[in-house]
Amino acid sequence: MELCFNPDLIKKWKKMIRKEAKEAAKRGEPFDPSTTLEVQFLRNLIEEFLEILDSKVVPPDRSINEDDQLVEANRLEHVDDACVLYCERFMEFLIDLLSQLPTRRYLRPLVADVAVVAKCHLSALYRHEKGKLFAQLVDLLQFYEGFEINDHDGTQLTDDEVLQSHYDRVQSFQLLAFKKVPKLRELALANIGSIDKRNDLSKKLSVLPPEELKDLVCSKLKVVSKDDPWSQRVDFLIEVMVSFFEKQQSQKEKINALPLYPNELIMWDESLVPSINYSGEGCLALPKLNLQFLTLHDYLLRNFNLFRLESTYEIREDIQEAVPHLLSYINNEGETAFRGWSRMAVPIKQFRISEVKQPNIGEVKPAAVTAEVTFSVSSYKAQIRSEWNALKEHDVLFLLSIRPSFEPLSAEEDGRASVPQRLGLQYVRGCEIIEIRDEEGTLMNDFTGRIKRDEWKPPKGELRTVTVALDTAQYHMDVSNIAAKGSEDVYGTFNILMRRKPKENNFKAILESIRDLMNEYCIVPDWLHNIFLGYGNPSAAQWTNMPGLLATVDFKDTFLDAEHLKECFPDDQVSFISPDGTENLNPSPPFRIRLPKTIKSSTNALPGNKKSTDSISDGPVKNSDIEKEKIVVEAYTPPDPGPYPQDQPKKNSVRFTPTQVGAIISGIQPGLTMVVGPPGTGKTDTAVQILNVLYHNCPSQRTLIITHSNQALNDLFEKIMQRDVPARYLLRLGQGEQELATDLDFSRQGRVNAMLVRRLELLSEVERLARSLQLPEDVGYTCETAGYFWLLHVYSRWEQFLAACVDNKDKPSFVKDRFPFKEFFSNTPKPVFTGESFEKDMRAAKGCFRHLKTMFQELEECRAFELLKSTADRANYLMTKQAKIVAMTCTHAALKRKDFLQLGFKYDNLLMEESAQILEIETFIPMLLQRQEDGYARLKRCILIGDHHQLPPVVKNMAFQKYSHMDQSLFTRFVRLGIPYIELNAQGRARPSIAKLYNWRYRDLGDLPYVKEDAIFHRANSGFSYEYQLVDVPDYHDRGESAPSPWFYQNEGEAEYVVSVYIYMRLLGYPANKISILTTYNGQKLLIRDVINRRCAPYDFIGPPSKVTTVDKFQGQQNDFILLSLVRTRFVGHLRDVRRLIVAMSRARLGLYVFCRRSLFEQCYELQPTFQLLLQRPDHLALNLNEISPNTERHVEDTGPMHLVSSVDEMIGIYQQLYEVKFHQYMAYSGRVAPSIDAFEEKTTQENLISGQHHMDTDIPVTSDGAPEDNTQHGSNLEEDTKMDALANGQNLESSLENHSNGGTDVEAGGGDRNVPPESNSDETNMEE
């Protein structure tokens, strides 16, 4: 059959058979191709599986009735669970083979020949209640068997090609039926549209008697072998025929008809959305994100399904969290009522569908369905009310129908009941906000410009009416069910409106983006296509294999001097020339380099599976036999930038390593560049220099920057501003722009305002220039008149001046006397011309003219803002035309893709930071924020920077994470595929000794020179014997770890110990903003915050640390001192993931103190390299009690007199003694009374443990009634804190007050619960009740 469908394979097949027959003849063996092991192996496996499915899963006790239909005699009650598991696993095996091209080519004809899918459909297990998962797997197998792809060349079939192939197949069948099977004359003459549905085809085929049907299927069509025992069954023969000839719904149609919001049926289906306690034993009916994909469509489809199910899981968790707090019950009227209240869910007062639009042509679902929902915010305090009032257009809400049972469920019933039954949950439907109005009908939160800013008023009353758009596909399904089955009207039952946290609620926009991509054709650049799908040469997209390379690159300020450049090309012969081609003996930057394609040394990326042999500290290996590549470097003198200070370009001061330079070279050339950046190796500096060099070498190209977090984007932006890239070409999109620590506003609105302000400044300069030339000042009225003035008066005068200079080069003062704009430049800080040398003055004159030229060029760029009047138009022009470097987070890119396409957004280069932390699909979407040009993609460079040895993207559901590999980022997949990458190999963050705790995980990670040389890295940490240490924490009050609720682990002993050490450090004088407390679990984070609120926050001389957060949240950040609590005492838990360990160990610069249970972690095999180093030192905290100030001259390797702390209580005693010493000094110094020591003598009691419910929301402190607490710092006495530090440092008090920048008030948003009173118990701080 396969050879019949592919005639071009016949020749190859015959040639192969002849070759194998010859070899068999030589060996003297008979040759029969059908009996070889390769041919029989898979077929035998499949036949064994079918035998088990048919006879062993269900006992074969059956009888046959007169209709020849098999009827089970006993009702399939006894099912062999082991056989069911085997069948499910075998289905998974076949799906995996069919979903990858190399194995699919051989397996698909076999699966079709044996008719696996048809036999599974007819099996008893497929219809059995225990076979639900098996049935879903069979459907997935059927999907992949009929996947729209040409198996032999791997090209995706278009919808037209699929349809044409279906028509050809049916037409040839009709011709055969017409000629050979008279009884099928009606089928042969029917039009194709009337026989492509399952029921119609079955009906037409049922006229044939069994023998003729078997003859047709097995002999004439040869769809099934006549030796197959199943060929005796009529239902099997019809099933095979129907599945072969029926018209399959296209994948696009299926996806477009799918609701984007989950409903209650999907949410609690365990085989689709498994619970968090997935063990990994069974298989699931889920797609997998492997290394390879069949087509882009397959890639998008798997990601679409997984992303949809992952967001479904998160929504399900939110519903289970919010609904119980409402305390629903049935009132006397028999209706649902609510006693409680919930922060995220509110009862609905009124719900009505306001409009259902007619379907679009060719569709059955309505074009739009809108509804109005009214609810009251009267039960909420100000903080939570403001959250509900902040709802805006495009936010997603959920409509719930709750109907509790009349009698409360007994304990036994409750244990057996499903979650929806326990909650009384009937229906869940999603919707998107169109607008929200207050009680008086006034529009709230409108960003479309319908309400002007000065007309805005706070919302009135307590009722809110939200107009929402319902999912049209879901609405059509619901209405069809009401009509066809008489189902209940879902839309008349809603009584709860639920919202979600805005940061977690962007799933719909991302699903829409994926769906839109699936409806587009061929979207990825050709040079990236095969690599993206996981096929072909892994290094095909490396710059050395790409066309259109930059032959000469101007590196601007990348190299600090000629010696630096030579260091960066140790394996190459570097020769310096002048611009005229002569040898340059005294070169100085900037340099232009002619890059050969065969460039050697560390600038070449290493493939993912290759290990580098020489360490960074070793010099380059000298080999006289290998001829060195010659690199020609042109040292040129840059033109004079202009006479004013603001004209001088900003310079790079980073001395890049050879590996970083290799990454920069690769990044500025076309193709795919992958940079692995271990902790502290200068990923951001490298990225910024790539952008800088790219901007200067390709000024017309536009670059898109994508990061995972706002923090990383802001770090990148702050560094770009310190380079020679004009601020007017930078744009930052998204919400995090407010956090940028710069004076300039880089949001769209901020850039527009800056351009308008700059326009006025430049026009006033034009007027000054006109005055200096004795011309009317009205030339500076608009940008247009300024443009004419430039051509008519400025440029013409310059040309005349240049012409005059040609004949007067011998006069040293000619330029000074005749320069036409001398009066305009009379206000420069230094005189422009000296009159001593024609050449020097001419260079200065050209600098002055460059200043003028830049000024008028800027005015020309401002002209669009003069012509466009609306803010939106100006902002869109800025984004699509003006900005050369546009930055946003991956979430913003996915949310706004549709807007970018509508505006015609274009870019040539994509740089992605933190790309190992971004979900695969969220990495893919930013590559496709622009439309194709003439059928090809514009993207020229893709630079991915990340570290696959640190934590992967967050996937909350373990099943999607482990079974479907959803937490595999695109970056990690590319590394695993063997695509070459450049690994930065010198860290500049931590002491070399601390770096050893994690550098074993990297290829050859060394240290930058300054980490070894700087005094700060040589000095010990005052008060501590060691710079890093593991501290063994025994049971505290006879308890180790505890879990008030599942996965919510806490360890009271470690929390008390960590906070005690923190107080000790503060009393010594360590700044609070230099200390961060990290832990591996949210429960412990909240417990530590609670202890800090009780023990530190009320006392301003201590205050909270810089951050108290989890290791996962702290990825990408650093601090001088890290106190780390590992929490667990029974099982290692998720720290067994080495990537989490690497993140935890690499956050500290100067001091790392790890608090954990030694006996547990020292036995963990995965963590051995780090813990063996930690355990070379004492496992009791070693303090140097002689040091009572934050400064010490003791060398880091000198432990000094060591005091080993035996317990938490001893540590508390030590800081209390230190407190008394300090405050006797303090009282003597200031004459004031010291604060009471009573607070420090409190012993922690059991009630300090936070309730497990506390993990709902942790970022806003509230009181018991839900009102937010006053977050101002009561009695915060900065001066007192400063005196404390001054005493500790032994410095002059006045100067200390002047220079003070205390970290005690630097609290992260999450640590804002600083002023929760010490006595507040868990009920008072619970967020929901």
Side-chain angles (χ1 to χ4, degrees), residues 1-5 43 46-47 49-51 53-55 58 60 62-73 108-127 135 138-139 141-142 145-146 165-249:
M1 282 287 280
E2 193 67 10
L3 294 176
C4 295
F5 287 135
R43 182 179 284 270
I46 291 174
E47 284 172 355
F49 155 71
L50 290 171
E51 188 184 334
L53 178 66
D54 194 33
S55 59
V58 179
R62 294 169 172 170
S63 61
I64 298 176
N65 67 3
E66 61 276 8
D67 294 325
D68 200 25
Q69 293 294 314
L70 285 167
V71 179
E72 284 88 1
R108 199 193 63 78
L110 182 60
V111 169
D113 186 49
V114 182
V116 175
V117 173
K119 289 173 182 174
C120 289
H121 275 150
L122 294 172
S123 68
L125 182 60
Y126 187 83
R127 302 185 302 279
V138 171
D139 294 343
L141 179 71
Q142 184 179 19
E145 188 193 343
S165 133
H166 165 70
Y167 287 158
D168 292 344
R169 199 160 52 232
V170 175
Q171 195 175 7
S172 56
F173 172 47
Q174 284 182 306
L175 279 170
L176 176 86
F178 187 78
K179 286 180 186 174
K180 304 278 178 74
V181 190
K183 287 183 181 171
L184 292 181
R185 183 61 56 90
E186 189 184 341
L187 182 146
L189 295 174
N191 65 58
I192 287 181
S194 68
I195 55 168
D196 59 9
K197 289 193 175 60
R198 174 170 280 270
N199 291 343
D200 300 333
L201 204 51
S202 306
K203 197 173 171 186
K204 294 269 196 298
L205 289 169
S206 61
V207 300
L208 287 179
E211 281 309 312
E212 286 185 38
L213 182 61
K214 181 181 175 182
D215 179 58
L216 173 67
V217 176
C218 301
S219 303
K220 293 190 172 72
L221 289 172
K222 295 182 181 169
V223 178
V224 179
S225 165
K226 57 174 174 263
D227 301 328
D228 192 325
W230 284 67
S231 63
Q232 306 303 321
R233 292 177 55 175
V234 174
D235 59 346
F236 168 69
L237 295 173
I238 287 182
E239 176 66 29
V240 168
M241 288 289 288
V242 168
S243 57
F244 194 73
F245 290 111
E246 77 172 323
K247 183 186 176 187
Q248 302 290 343
Q249 188 184 14

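Note that these values count all heavy atoms, side chains included, but never hydrogens, waters or copies made by symmetry.
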Can you find a pair of side-chain heavy atoms, one from Leu221 and one from Phe245, that are under 4.5 Å apart?
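Leu221 reaches Phe245 side chain to side chain.
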
Within the structure provided, determine whether Leu216 and Leu184 are in side-chain contact (heavy-atom separation under 4.5 Å).
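Counting from C-beta outward, Leu216 and Leu184 do come under 4.5 Å.
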
For Glu51, look at atom CD and say whether over 12 heavy atoms of other residues, nucleotides or ligands are found less than 6.0 Å away.
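Not more than 12 within 6.0 Å, no.
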
For Glu211, does the CD atom have more than 12 heavy-atom neighbours from other residues, nucleotides or ligands under 6.0 Å away?
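12 or below, so no.
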
Nearest 0.5 Å, what's the [atom1]-[atom2] distance between [X] and [Y]?
X      : Y      : atom1 : atom2 : answer
Ser243 : Glu145 : OG    : CD    : 7.5 Å
Tyr167 : Gln174 : OH    : CD    : 12.0 Å
Leu237 : Lys214 : CG    : NZ    : 8.0 Å

Go through Val170 and Lys247 one step at a time and tell me if the side chain to side chain contact (heavy atoms under 4.5 Å, CB included) criterion holds.
CA-CA 9 Å; Val170 175; Lys247 183 186 176 187; over 6 Å; no

Which pairs would a plain distance check flag for residues 199-209, meaning a side-chain donor or acceptor within less than 3.5 Å of a matching protein atom at least two apart in sequence or in another chain?
unit_1	atom_1	unit_2	atom_2	d
Ser202	OG	Arg198	O	2.8
Ser206	OG	Lys203	O	2.6

Using atom types as modelled and distance alone, determine if a side-chain donor or acceptor of Glu239 lies under 3.5 Å from a backbone N or O of Lys119.
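No; judged by distance alone, with no hydrogens or angles, the pair does not exist.
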
Could you tell me whether the side chain of Ser172 and the main chain of Arg169 form a donor-acceptor pair under 3.5 Å?
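Present.
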
Below 4.0 angstrom, N of the basic side chain to O of the carboxylate: do Asp113 and Arg43 qualify?
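So Asp113 pairs with Arg43 through a salt bridge.
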
Which heavy atom of [X] sits nearest a heavy atom of [Y], and at what distance?
X      : Y      : answer
Phe236 : Leu122 : CA-CD1, 3.3 Å
Leu187 : Ile195 : O-CD1, 4.2 Å
Lys226 : Ser231 : O-OG, 3.5 Å
Leu53  : Cys120 : CD2-SG, 3.9 Å

Angle class for the Tyr126/His121 ring planes (parallel below 30°, perpendicular above 60°, tilted otherwise)?
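The arrangement is perpendicular - the two ring planes meet at more than 60°.
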
Salt bridge (Lys or Arg N to Asp or Glu O under 4.0 Å) involving Lys183 - partner list, sequence neighbours excluded:
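Once residues adjacent in sequence are excluded, the partners of Lys183 under the salt bridge (Lys or Arg N to Asp or Glu O under 4.0 Å) criterion are Glu212.
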
Before you tell me yes or no, could you show the steps for Asp54 and Leu50 under side chain to side chain contact (heavy atoms under 4.5 Å, CB included), namely the whole-Å CA-CA distance, both residues' side-chain angles and the distance that decides it to 0.1 Å?
CA-CA 6 Å; Asp54 194 33; Leu50 290 171; over 6 Å; no

